[in-house]
There are 2 protein chains.
Amino acid sequence: MIEHVPVKGLQRSQLSKRTGCNIETIRYYENIGLMPEPPRSAKGYRLYDETHVRRLRFILRSRELGFGIDEIRGLLDLVDRKAQTCAEIQERTKPHLAEIRAKIADLRRIERLLARTLAQCSGEDVPECPVLEALAS
Amino acid sequence: MIEHVPVKGLQRSQLSKRTGCNIETIRYYENIGLMPEPPRSAKGYRLYDETHVRRLRFILRSRELGFGIDEIRGLLDLVDRKAQTCAEIQERTKPHLAEIRAKIADLRRIERLLARTLAQCSGEDVPECPVLEALAS
DNA sequence: CATAGCTCCTGTAGTCACTACAGGCTCAAG
DNA sequence: CTTGAGCCTGTAGTGACTACAGGAGCTATG
């Protein structure tokens with residue numbers, strides 16, 4: 001009569017399905033200390049609960065918004081300390097927003113250059129291509 | 001009377017200075033076959049010339065424009081074959097431009113979301129932060 | 001009861017585009 | 001002759017995963 005009642009808790013694949021996170025990535029986040037080590041079943045299987053689902057969603061959402069692992073570690077520390085204030089969060093988020101804006105500006109510059117060069121390109125079978133010339137210059 | 005006249009040609013550090021390319025990166029490009037193996041001096045020092053300068057500039061410019069190593073390999077193949085046509089170049093450049101535009105769209109979405117959330121943030125010492133709530137949701 | 005096929009466990013290697021380092025040789029200046 | 005820079009090589013580290021190898025366990029079917 002040991003463990004006849006199925007141990008409640010989500011296994012790795014269930015957590016993966018619930019969050020859309022790659023199954024290997026979950027273990028990776030555990031290894032680097034973003035996800036806590038979950039309790040284990042008698043046979044050593046990881047057993048997750050709703051707190052893990054929420055934490056993983058937080059991480060994934062932050063990644064989507066372009067935060068790096070270390071930045072997320074910082075945000076999670078604030079959450080865990082429960083001492084976070086709006087001011088602290090702003091302090092971390094504002095430079096991140098600035099970075100994203102810089103990346104956008106960069107890409108737009110590249111896009112303009114590439115589009116302009118392509119527009120000069122006849123698309124015919126001539127051996128002189130303005131794109132290559134732009135790259136070589 | 002061996003090699004009294006300095007062997008003409010640029011050494012790695014000179015090529016690095018002329019192109020702005022990190023000195024280690026030059027060897028890396030050689031290892032992966034983007035840069036050709038240059039001739040060597042009697043003692044085995046690499047000796048570059050203007051053709052190497054031009055090729056490296058082409059590579060660096062392409063990287064700046066966001067082309068991956070394999071894409072550059074493709075462009076260089078076209079250049080080397082001397083059989084390139086505008087049509088071939090367009091074929092390779094158009095999808096790349098589309099990728100860049102997709103990345104811009106992505107980043108703009110992220111930027112809007114982050115900016116909107118930050119705008120709701122009072123910056124005061126309250127423990128409920130709309131940014132964290134947005135991340136957790 | 002046995003076997004098949006799935007999921008789980010672990011550690012490790014591969015990805016991309018570099019960058020850095022260790023250990024040894026060469027070269028020019030002082 | 002010594003010092004310090006620059007060259008050579010191979011290898012390891014970066015970030016954020018992703019994939020694989022080798023072994024154990026679970027469940028369903030014959």
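Quick note: numbers below take in every heavy atom, side chains included, and nothing from hydrogens, waters or symmetry partners. Sequence lines set the chain letters: A, B, ... in the order given, protein chains first and strands last, and positions in each chain run from 1.
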Side chain of B:Arg12 only, please: which of D:dC8, C:dC8, C:dA17 is the nearest? D:dC8

Determine: side-chain N/O of A:Arg46 to OP1/OP2 of C:dC9, distance under 4.0 Å, yes or no. yes

Whichever of B:Asn31 and B:Gly44 has its nearest DNA chain D nucleotide further upstream toward 5': B:Gly44

Under 4.0 angstrom, heavy atoms only, what part of the nucleic acid is B:Phe67 near: base, sugar-phosphate, or nothing? nothing

Is B:Asp80 salt-bridged to B:Arg55, cutoff N-O under 4.0 Å? yes

A:Tyr28 side chain: which of D:dA16, D:dC8, C:dC8 is closest? D:dA16

Under 4.0 Å, heavy atoms only, any strand: does B:Ile26 hit a base, just the sugar-phosphate, or nothing? nothing

Taking ring-ring contact (aromatic ring centres under 6.0 Å, His included) as the cut-off, I'd like each qualifying pair that reaches into residues 98-119 of chain B, sequence neighbours left out, listed once. none

Taking the side chain of B:Glu24 as its heavy atoms from C-beta onward, which of D:dC7, C:dA20, D:dC17 lies nearest to it? C:dA20

Checking contacts here: which listed nucleotide (C:dC9, C:dT19, D:dG6) is nearest the side-chain heavy atoms of A:Arg40? C:dC9

Please examine the side chains of A:Leu78 and A:Arg92, heavy atoms only from C-beta on, and report whether any two atoms are closer than 4.5 Å. yes

Out of D:dC7, D:dA16, D:dC8, which has the shortest distance to the side chain of B:Ser13? D:dC7

Looking at B:Arg18 and B:Glu50, does any basic side-chain N land under 4.0 Å from a carboxylate oxygen? yes

Does A:Thr25 put a side-chain nitrogen or oxygen below 4.0 Å from OP1 or OP2 of D:dT18? yes

Rounded to whole Å, the CZ-P distance (A:Arg73 to D:dA16) equals 9 Å

Sidechain N-carboxylate O distance under 4.0 Å for A:Glu111, A:Arg108: no

Rounding to a whole Å, what distance do you find between B:Leu15:CG and D:dC8:P? 11 Å

Looking at B:Lys103 and B:Asp106, does any basic side-chain N land under 4.0 Å from a carboxylate oxygen? no

Just the rounded figure in Å: distance from P of C:dC8 to CG of A:Leu10. 11 Å

Of all the nucleotides listed (C:dT19, C:dC8, C:dA17), which has the minimum atom distance to the side chain of B:Asn22? C:dT19

Round to the nearest Å and state the distance from B:Leu34 atom CG to C:dC16 atom P. 13 Å

Considering only D:dC8, C:dG11, D:dC17, which nucleotide approaches the side chain of A:Arg27 most closely? C:dG11

Compare the minimum distances between each of D:dT18, C:dC18, C:dC9 and the side chain of B:Ile69, then state the nucleotide with the smallest one. C:dC18

To the nearest angstrom, how far is A:Asp70 atom CG from D:dA16 atom C1'? 11 Å

Can you tell me which nucleotide in C:dA17, C:dC9, D:dC7 comes closest to the side chain of A:Tyr45? C:dC9

Would you kindly give the CD1-to-P distance between A:Ile32 and C:dT12, to the nearest whole Å? 18 Å

Report the distance from atom CD of A:Gln11 to atom C1' of D:dG25, rounded to the nearest whole Å. 10 Å

Whole-Å distance separating the CD atom of B:Glu30 from the C1' atom of D:dC7: 13 Å

